[in-house]
> 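Supplied in structure tokens, the structure appears directly below.
Not measured: the values here are computed from a predicted model. For the numbers below, each heavy atom of this structure counts, side chains included, while hydrogens, waters and symmetry mates do not.
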Amino acid sequence: MSILPGATRQSFAGRDLRHRTLDRHSFKLCDFRGADLRGASLRGASFAGCDLRDADLRDTDLSYSSFSDVRTHDPEYGRTDVSGARWDGANLRGVRTERVIGWPDDL
């Protein structure tokens, strides 16, 4: 499956994306619910208004990535949600977050 560097409103829900290199890709309003991203490289990637609920991000390199919402007319639409995501071993150095639902406070 080819993933373009600028994906908008695409569904990757439940997909096996293990060990993929998606550095500096931009994802806007994309669905990653339950996606397997173990060991993927997402350095400098941007997630705006994406749904990452229950995504497996173990051992994923997310260094210098950003997670944010998309400002729309509907306050419930376009928020980045990482509730239930698995983060064990993920590299989160330099990650920026703004208005993210379910961000792991204990990391």
Side-chain angles (χ1 to χ4, degrees):
M1 168 180 68
S2 175
I3 300 175
L4 299 175
T8 300
R9 295 186 189 272
Q10 290 190 18
S11 177
F12 304 102
R15 300 292 272 230
D16 182 351
L17 301 172
R18 288 177 291 170
H19 305 291
R20 297 288 299 262
T21 299
L22 302 170
D23 297 340
R24 293 178 295 284
H25 278 49
S26 174
F27 300 100
K28 183 176 178 181
L29 301 169
C30 291
D31 185 355
F32 286 92
R33 286 177 294 171
D36 188 348
L37 291 153
R38 287 178 290 168
S41 181
L42 291 154
R43 286 175 283 185
S46 169
F47 297 90
C50 295
D51 193 341
L52 290 128
R53 284 179 287 173
D54 301 316
D56 194 339
L57 298 164
R58 290 178 290 171
D59 301 317
T60 300
D61 187 351
L62 292 161
S63 55
Y64 304 102
S65 293
S66 65
F67 294 83
S68 65
D69 66 331
V70 174
R71 286 164 178 71
T72 64
H73 64 281
D74 182 351
E76 294 303 312
Y77 181 71
R79 293 190 178 208
T80 297
D81 190 342
V82 296
S83 301
R86 299 188 65 178
W87 300 91
D88 305 351
N91 181 350
L92 301 173
R93 179 185 50 220
V95 166
R96 294 184 317 268
T97 62
E98 178 184 353
R99 295 179 47 158
V100 176
I101 300 166
W103 187 255
D105 292 329
D106 58 344
L107 288 178

> Could you check whether the rings of W87 and F67 sit parallel, tilted or perpendicular, using 30° and 60° as the cut-offs?
perpendicular
> Please give me the minimum heavy-atom distance between A48 and D69, naming the atom from each residue.
CB-O, 4.4 Å
> Report the relative orientation of the aromatic rings in F12 and F27; use parallel for angles under 30°, tilted for 30 to 60°, perpendicular for over 60°.
perpendicular
> Using every non-hydrogen atom in the two residues, find where A7 and C30 come nearest and quote the distance to one decimal.
O-SG, 3.4 Å
> OG of S66 to CD of E98: how many Å apart, nearest 0.5 Å?
9.5 Å
> CZ of R15 to CG of L37: how many Å apart, nearest 0.5 Å?
12.0 Å
> Measure across V100 and S68 and return the closest heavy-atom pair with its distance rounded to 0.1 Å.
CG2-N, 4.2 Å
> Under a 3.5 Å distance rule, please check whether S65 uses its side chain to pair with a backbone N or O of S46 as donor and acceptor.
no
> Please list, chain by chain and in numerical order, all residues satisfying side chain to side chain contact (heavy atoms under 4.5 Å, CB included) with D59, sequence neighbours excluded.
none
> Between CG of L57 and CZ of R38, what distance do you get to the nearest 0.5 Å?
11.0 Å
> Just verifying a value: how many Å separate C50 SG and R9 CZ, rounded to the nearest 0.5 Å?
11.0 Å
> Could you grab the distance from atom OG1 of T80 to atom CD1 of I101, nearest 0.5 Å is fine?
8.0 Å
> With R43, which of L62, T60, L22, D61 fulfils side chain to side chain contact (heavy atoms under 4.5 Å, CB included)?
D61
> Can you name the side chain to side chain contact (heavy atoms under 4.5 Å, CB included) partners of R93, sequence neighbours left out?
S63, Y64, N91
> Do D81 and S83 have a side chain donor and acceptor closer than 3.5 Å?
yes
> List the residues meeting side chain to side chain contact (heavy atoms under 4.5 Å, CB included) with R86, not counting sequence neighbours, and say none if there are none.
D56, R58, D88
